[in-house]
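Structure record follows, encoded as structure tokens.
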Amino acid sequence: MISVFLACMCTAAAAALFRGPSWELAALVPYSAALALVSGRRLFIIGLPPLALALLSPGALPWAILLGGMMFSLYAPGRAARVSGFLSVAVVLWFLPLRASIPLAVISAAGAVIGGGRTAASVAVLAGFSLSAFLAGLPEDPGAEPLAVRSFISDGRLVSERIMVLPGSGGAYLCAPGTGTWAMWAAIEVGGLRDSIPAAAVSVGEDMIFLPAGRDTLCFLFHPGDTLNVSLLRRQEPLLHPVILFSAGGEKL
Amino acid sequence: MRKLIDSYGMTIGAVLTGIWVFTAWRLAGMPSPGFLGRLVPGAWIMAGALSGKGPVRWWMPVQLVLFTLSAWLWMIWGPGWVFAAAVPVAGLVAWALAVASGKHGTIRALFPMLFLILLTAEVNSDEVRFAEIAAGMGHVNSERYGERQYRAGDINAEVGHHTMVFPGIISPGLMAGDRWLRAVPVLITIGSAALLASLAGPVPAVACALLYPGFSTLGLAMTGWLAAGVFTLWLMRGSHRWGAMITVLAALFLTALKMRYAGLAAGMLIAEYANSKPVRGKWLVPFSIAAGGMLFLAVDRYLLGGEVFWVRYGNMETLKLMWINLFHRPAVTVSAAGWSLFDPEAGLLPRAPWVIPAIWGLVILARENGELFRRAVIPAGLYWFVLIVWSGTAWHGLPAPVGRVFLPLVPPLAIGLSKVWARRETLVLVAVSAMISAIVTVFPHGRANFADGTDTLLTLAGGHTGFSMARASSLWLIAALIPFVSTLLLTGKKRVSPGFITLAVLSVGLALGLTGDAEEAEDLPGSSVTGALLYPGDPDPVIRYFWFGSRERMLELSSADHVITMECPPGNAMLFLEASSTGGRLLVCGDTLEVSTPMIELPGVYRMIGRRGILPDRPENRIMAPCTLLVAAPQGMITVSHCDGAPVYIDRIGLL
């Protein structure tokens, strides 16, 4: 048990040394404790990959630990391991500026108190999570940066990559090339909705247009310094999962 | 009711899994509801129909919980849905292993995963070529494969580099229409897996089929499983008075199937001969035959002008190339061998960690049955050796499905796996491998890689690594040896500390997560690059196979619209740049930078195989010159754009 904890801590320390320290790494302490407490059990095998993923990619760390910590808080056999799982969830949620993180923390805490071998309680907590996610979606990151769309220019023609805008992603933008005027088109596909209320906002310079579900192609002129912005207006709702698919192209005039 | 659940728990569990996966997929709004959202539950319903009697297994509720928790992940992390969808598919692999030992278990176990693979893996790569040849051979009425296209490696527009054997075998399927292209390969796969089950036991055989490298071409119209099947059949035959004849026929068939299997065929002949009665001067005979063959090739090449063996494989130049790879650039060959094990894009171990305990299984086999060990390991080992020595740095054969070149290693590894199956460490690594197969099943793009240093699965997870055959120094392989040897030693012990396992697994995660100081220019995010092109524009690695320096793609800056911007703290900054050009100028924060780099010289060894003259003036044939610049960036923004002159090709760029 101690050896697992020490191994985790050594690797986390190495990660801090190589990449520089970050507060999110603090979540590894309770998570490692939970992992050590279930060593020798099947849950150990399931709990190890999220930790490896967390070390593999700093971006995935909070989400991997959140998922693994929730699992420990709900299903670890001992209360100490469940509480350690809850602590790792709490640390991650504390440092992530997420709305609606409280329901997740409450579910995790409830699991830590009543989970473990009690199947009915576990199922109830799981159902609670599913229902909460179904009704309210998962907490979005309000600080999410808009995604920059990459463009390729060859022989006076511009082609952008095709990207997807999801709720909470912060939208996307495409910058105009530094020289000349460009005749542009933008193909915008809005889906995942069951009504005709506008779901996407597209703006270039001072012009803005709102689009409902469906496929639209917009034509416009692009000058140096202009930016094409695409953002999603609708949030996640039960059975409504709005999404935008976007690509653009153009020719230099 | 209780009795029914006890008797048919697995059937009921599988059907309920299918229903819940179908429902939760829609409730959570996961992408691809109409395709994967139907196929995955459909595969589980099929699994339910094939389950037969058996109790519910412990992992069934666990996978349901994991899927339920992760189904919503895509809302906060785009690729999260792939990992969520992979959970029930990994469950299908576990189900297959659970039913494999029953009646007709091997065949039942493969069906649901084959169903998924056949519908998600696009017809691609060599499959298209085999289909074209098959359609042409029998004048089959084929709309899709009616015309033959020239491909890299072909001798000319009319004559391809594939033999007619495999297309001939699969052609009956095409007679029923284009959609039946994979009918015969599926039968071959099932047959080969069934043979493997007779040799190594049903559960290891199914594991080998559903995990990499066997998974890479499972059911696809490629030659790997047929070669593995023939090899297995040869291993099964035991002592037979027609043994030598059978071996010769099998070896000839494998070589005719694809020249890549010549090493395997030679290994089979050597193993057969090695197991024969010891006689004085026994090894003079094969050496004489080999020398005679080489003499014949030399006569054919230099006296007959290559009239007999004019194809690219079986001629004198091939032998010269192997000589060069072995004796003139052994370091390059050794590093190619190392990357064939560890490279994240194409190596054996990153996608098939279960191979590590299987190696210990082979050690056990060597103690228990030396003859079978020699017969299994000599051909497989020689195949790998010839693959590396013959193909050099192009051993991986990308962008065709990752891992397909390792198929002939499957039979000995299956035997090895059967010896260590019951160990806990084996099951851990099998579980990891199953998850990799599951991710690739629901993310078919992950089946291939482009040898550009960006593994599709790592990229999907949001990570990237400098540890790659295309990017890193071969000395980095030493770093890979540490977790490999640790894991190898740990899995060999009877009792293993979980702490050591943790350390080995996490070391791999950490090593893959490390990156170099400067960004690879082609990896720069969209927020940093406007307009710049990738060179070469086509991601096909075949174009870059024989570049002499770096084999990565580059960023091309050739017009004023091509701009790189990088944020930095306001003030002065140190910018690192590695670029080549025939004489172009860049504008770096308002200052001009002239880039003109000399041509590289043709490495001497290439002259030995007949290549003459100077290299064509292309970006990849110019030296990549590194430079460090002190630039003033009072606004905290560095811009690099093309000023005038020839295009400038940037390999790496970053702030120091």
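Hydrogens, waters and symmetry mates are skipped; everything else that's a heavy atom, side chains included, is used. Below, chains carry the letters A, B, ... as their sequence lines are ordered, and counting in each starts from 1.
Under a cut-off of 6.0 angstrom, the local environment of CD in B/Glu567 is sparse, with at most 12 non-hydrogen atoms contributed by other residues, nucleotides or ligands. Residue A/Arg157 qualifies as open at atom CZ: its count of foreign heavy atoms under 6.0 Å is 12 or below.
With chain A as partner, the option from B/Thr530, B/Val563, B/Leu533 having the largest number of non-hydrogen pairs under 4.5 angstrom is B/Leu533. In terms of non-hydrogen atom pairs under 4.5 Å with chain A, the most contact-rich of B/Ala431, B/Ala28, B/Ala560 is B/Ala28.
Contacts of A/Phe5 with chain B are absent, with no heavy-atom separation under 4.5 Å from either backbone or side chain. Only the side chain of B/Val62 comes within contact range of chain A, judged by heavy atoms closer than 4.5 Å. In this structure, no portion of A/Leu147 lies under 4.5 Å from any heavy atom of chain B. For a residue to count as touching a neighbouring chain, one of its non-hydrogen atoms must lie under 4.5 Å from one of that chain's; by this rule A/Leu51 touches chain B with backbone and side chain alike. Looking at B/Leu64, neither its backbone nor its side chain comes within 4.5 Å of chain A, counting heavy atoms on both sides.
Taking each heavy atom of B/Ala532 and A/Phe152 in turn, the nearest pair found is O-CD2, 3.2 Å. The minimum heavy-atom distance between A/Ala148 and B/Gly526, with the atom names listed, is CB-C, 3.6 Å. Residue B/Leu66 comes nearest to A/Met71 through the heavy atom pair CD2-SD, 4.4 Å, listed as atom of the first residue, atom of the second, then distance.
A side-chain donor-acceptor contact under 3.5 Å links A/Arg150 to the backbone of B/Leu524. A donor-acceptor pair is defined here as one N or O able to donate and one able to accept, closer than 3.5 Å; such a pair exists between the side chain of B/His562 and the backbone of A/Ile153.
Rounding to the nearest 0.5 Å places CG of A/Leu67 at 11.5 Å from CZ of B/Phe83.
Tested against B/Asp561, the residues A/Ser154, A/Pro224, A/Pro177 include a single side chain to side chain contact (heavy atoms under 4.5 Å, CB included) partner, A/Pro177.
For the pair B/Trp74/A/His241, a side-chain contact is recorded, criterion being any heavy-atom separation below 4.5 Å from C-beta on.
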